[in-house]
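Taking it in order: structure first as structure tokens, then the write-up.
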Amino acid sequence: MPALCHLKPAISRMSDDKKLTSRAEDFSAWYNEVVLRAQLADYSPVRGCMVIRPDGYGIWERMQRALDDQFKATGHRNAYFPLLIPESFLRKEAEHVEGFAPEAAVVTHGGGKKLDEPLVIRPTSETIIYSMFAKWVQSYRDLPILINQWANVVRWEMRTRLFLRTLEFLWQEGHTAHVTHDEAEVETLMILGLYRRFMEEHMAMPVLTGLKTHSEKFAGALRTYSCEAMMQDNKALQAGTSHNLGQNFSRAFELQFQSESGGMEFAWNTSWGVSTRMIGGLVMTHGDDNGLRIPPKLAPTEVVIVPIWKSDEERARLLEAANNVKQALTSWTGRGHDGIRVHVDAREGIKPGAKYYEWELRGVPLRLELGPRDLQSNSCMVARRDGNFIGPAPAEVPGGKAPSRKAVLSLDGLPTAINDILTTIQSDMLAAALARREANSHREPMTYDTFRELMEGDGGFVYAGWNGDPAIEAKVKEETKATIRCIPDAEFRSKDAPTTCMVTGEPAKHEVVWAKAY
RNA sequence: CGGGGCGUAGCGUAGCCCGGUAUCGCGCCUGCUUUGGGAGCAGGAGGUCGCCGGUUCGAAUCCGGCCGCCCCGACCA
């Protein structure tokens, strides 16, 4: 089928070279190679769409599970609203149309006939959801409504990147309706905090939270808050958003309720979402020149066991031993009902070293090597994907050679030891990512000239004063490609907050964080 | 939509200027020897050279048209 000829990834020097393009050499080529070769995703026959492969989807499933538990714990329930939305719905909220009309995919035909009214494939579901809420709400007693849905959405983007920006992507969108503005604001901020904790604790990806400026907020929202992460090329990735929608959609869809005092009032709404884009963030936060590194909590496979044998007799013995170790780990109850997720690489005809490289590329946090000598001593060799020592670093090695980063662990009590190491990896990854972000954040007094040089060079996050004028924001974007990522929440602000606007020298209205962004 | 580049095996490519049905590497399959950091040797499978048309005895190669993809500029989780 000639139509499939464009499926070739646009990547140079991939197959004839076992090594990845390095991050320093070409960060975006590196990213594409990691995503493809770690088998997270592949290109689809349709431009801008992607297939999420089992290893990528496995990460998504773990993200879903952790988030879904949190949504449920905070009183939300899942529902599902349809993919197709009447085009007229999109038009009912002025800012919303403006924001999404250009990137809407529209269905004009069905059943072989032209439709009376075109249907839009949801770019987001505010319109259909609040129109339904309007049917379900009569009284303040019906509020709040706390709904979440896991769904796919379509936005006809011009330039696409695997996971970061595709025409179709998977996400979760929460939609709530409340009696008061303040209650909606509390919900918006609660979810923002929930996202932040998820990104730190599960993704090991530090984020700063804050308020979006008017030009960067969601079309149709009163206020948008976001989580912003720093990738290894020092660009910002907006990893999650939480919106206080005010009464904009309530008014558009007549979502009214009778209040305690008997009058009719419009409900106050929030919406919030995170998407498969987070997987791209994970790759660009933790990956190295050997490939992917997945934090244990999100890794579909936490431990890979590579048995080593020479003869057939040894092979049988080692495979049995490997499976016994796997059994001990998967059935371990030390962290509740979920055992440790283990894979035994029993493939023949591939040397152990080749397997090591492959599992490192694919990001498995911990590798366990099991050979005849280990069996003899009732132990195994363990290596951390993040390259850190297991236990304290050896003080010195004779001959000045680099000390081995593998450690010998006894097979007795192995699950506990492995679990401890996984926990350490998880926290070390967060600490490393946090240190990297801080090392590339600039809180020193900054002139606009210095800022421009910085944005032409290494980039990073720049904390600076802003007079609050959208025209200045636009000018900086025009001149440097950097945008205001957010007006940071209190805990992220500088101790000595800038008092003047970086560009005009006028009194600063806010301290803001500037960066180039994905 | 403007500017640039490219479509040859699963992937990366040579050949194209100077027409004679296709090169090499990686991967894949089989066998033997290997297996504690990317194995070696031998054999093998796999391509209507993006599509349509033209020139020609003959087109991957020359000519025309079309399609698609990638990169750079105006939008975005």
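Naming convention: chains lettered A, B, ... in sequence-line order (proteins, then strands); numbering from 1 in each chain.
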- Task: I would like to know whether L298(A) and L282(A) meet side chain to side chain contact (heavy atoms under 4.5 Å, CB included); could you show each step before the answer?
- Result: CA-CA 10 Å; L298(A) 294 180; L282(A) 200 69; 4.1 Å; yes
- Message: For a quick check of understanding: with a heavy-atom distance under 4.0 Å over all strands, which category does T166(A) fall into, base, sugar-phosphate or nothing?
- Response: base
- Item | Interatomic distance, L319(A) CG vs U35(B) P [rounded to whole Å] | 16 Å
- Message: Students often mix this up, so state it plainly: with edges at 30° and 60°, are the rings of W514(A) and F451(A) parallel, tilted or perpendicular?
- Response: perpendicular
- How far, in whole Å, is C1(B) from G20(B) if one measures between their C1' atoms? 44 Å
- Please work out whether the ring planes of H202(A) and F198(A) are parallel, tilted or perpendicular, with thresholds of 30° and 60°. parallel
- Determine the Euclidean distance between corresponding P atoms of G47(B) and G5(B); express it in Å to zero decimal places. 33 Å
- Query: Looking only at atom P, what distance separates U21(B) and G2(B), rounded to whole Å?
  - Reply: 41 Å
- Integer angstrom distance from the P of G7(B) to that of C63(B): 15 Å
- Message: Checking base pairs now: Watson-Crick or wobble, both atom distances under 3.5 Å. What partners G73(B)?
- Response: C1(B)
- Message: So, under a plain 3.5 Å distance rule, would you say the side chain of E358(A) forms a donor-acceptor pair with the base of G37(B)?
- Response: no
- Task: Just compare A74(B), G36(B), C76(B) and give me whichever is closest to any side-chain atom of M158(A).
- Result: A74(B)
- Message: Can you identify which nucleotide, out of G38(B), C69(B), G37(B), has its nearest atom closest to the K406(A) side chain?
- Response: G37(B)
- Task: Provide the distance between the two P atoms, one in C6(B) and one in G15(B), to the nearest whole Å.
- Result: 13 Å
- Query: In Watson-Crick or G-U wobble terms, both distances under 3.5 Å, what is the partner of G27(B)?
  - Reply: none
- Among C69(B), G38(B), G36(B), the one nearest any side-chain atom of R47(A) is C69(B)
- Item | Sugar-phosphate only, base, or nothing, as touched by L237(A) at under 4.0 Å among non-hydrogen atoms | nothing
- Message: For the CG atom on D312(A), are there more than 12 heavy atoms of other groups (residues, nucleotides or ligands in this structure) within a distance under 6.0 Å?
- Response: no
- Message: For a quick check of understanding: with a heavy-atom distance under 4.0 Å over all strands, which category does F169(A) fall into, base, sugar-phosphate or nothing?
- Response: base
- Query: NZ of K19(A) versus P of G12(B): gap in Å, rounded?
  - Reply: 21 Å
- Query: If you measure from the P atom in U8(B) to the same atom in C49(B), how many Å do you get, rounded?
  - Reply: 11 Å
- Round to a whole Å and report the spacing from CD1 of I350(A) to P of C28(B). 8 Å
- Task: Pick the C1' atom in G65(B) and in G3(B), then give their distance to the nearest Å.
- Result: 22 Å
- Are the side chain of N323(A) and the backbone of L319(A) linked by a donor-acceptor contact shorter than 3.5 Å? yes
- Message: Mind checking if Q238(A) touches a base, just sugar-phosphate, or nothing, with heavy atoms under 4.0 Å?
- Response: sugar-phosphate
- Task: Would you confirm whether the ring centroid of F218(A) sits within less than 6.0 angstrom of the ring centroid of W272(A)?
- Result: no
- With respect to the side chain of Y357(A), which nucleotide from G36(B), C75(B), G38(B) is positioned closest? G38(B)
- Determine the Euclidean distance between corresponding P atoms of A59(B) and G4(B); express it in Å to zero decimal places. 32 Å
- Item | Who pairs with G46(B) - Watson-Crick or G-U, where each distance is under 3.5 Å | none
- Euclidean distance, atom CH2 of residue W156(A) to atom P of A74(B) [Å, nearest integer]: 22 Å
- Query: M381(A) near the nucleic acid: base, sugar-phosphate alone, or nothing, with a heavy-atom cut-off under 4.0 Å?
  - Reply: base
- Task: Report the relative orientation of the aromatic rings in F81(A) and F133(A); use parallel for angles under 30°, tilted for 30 to 60°, perpendicular for over 60°.
- Result: perpendicular
- Over how many whole Å does the gap from Y43(A) atom OH to G7(B) atom P extend? 18 Å
- Message: At 4.0 Å (heavy atoms only), tell me whether E478(A) reaches a base, stays on the sugar-phosphate, or touches nothing.
- Response: nothing
- Query: Which listed nucleotide (U35(B), G37(B), A74(B)) is nearest to the side chain of K310(A)?
  - Reply: U35(B)
- Rounded to whole angstroms, how far apart are CZ on R385(A) and C1' on G37(B)? 14 Å
- Query: Contact class for R367(A) (heavy atom, under 4.0 Å): base, sugar-phosphate, or nothing?
  - Reply: base
- Task: Output yes when a side-chain donor or acceptor of Y31(A) lies under 3.5 Å from a complementary backbone atom of L162(A), and no otherwise.
- Result: yes
- Item | Complementary nucleotide for C32(B) - Watson-Crick or wobble, under 3.5 Å | G40(B)
- Item | Euclidean distance, atom CD of residue E33(A) to atom C1' of C11(B) [Å, nearest integer] | 12 Å
- Watson-Crick or G-U wobble partner for C16(B), using a 3.5 Å limit on both distances? none
- Query: Among the nucleotides C76(B), G36(B), U35(B), which one has an atom lying closest to any side-chain atom of W309(A)?
  - Reply: U35(B)
- Note on the structure: Mate of G64(B) across any strand shown (Watson-Crick or G-U wobble, both atom pairs under 3.5 Å) is C52(B)
- Pick the nucleotide of RNA chain B nearest each of G48(A) and G240(A); which residue has the one closer to the 5' end? G48(A)
- Query: When the distance from CD of Q39(A) to C1' of G10(B) is rounded to whole Å, what number comes out?
  - Reply: 13 Å
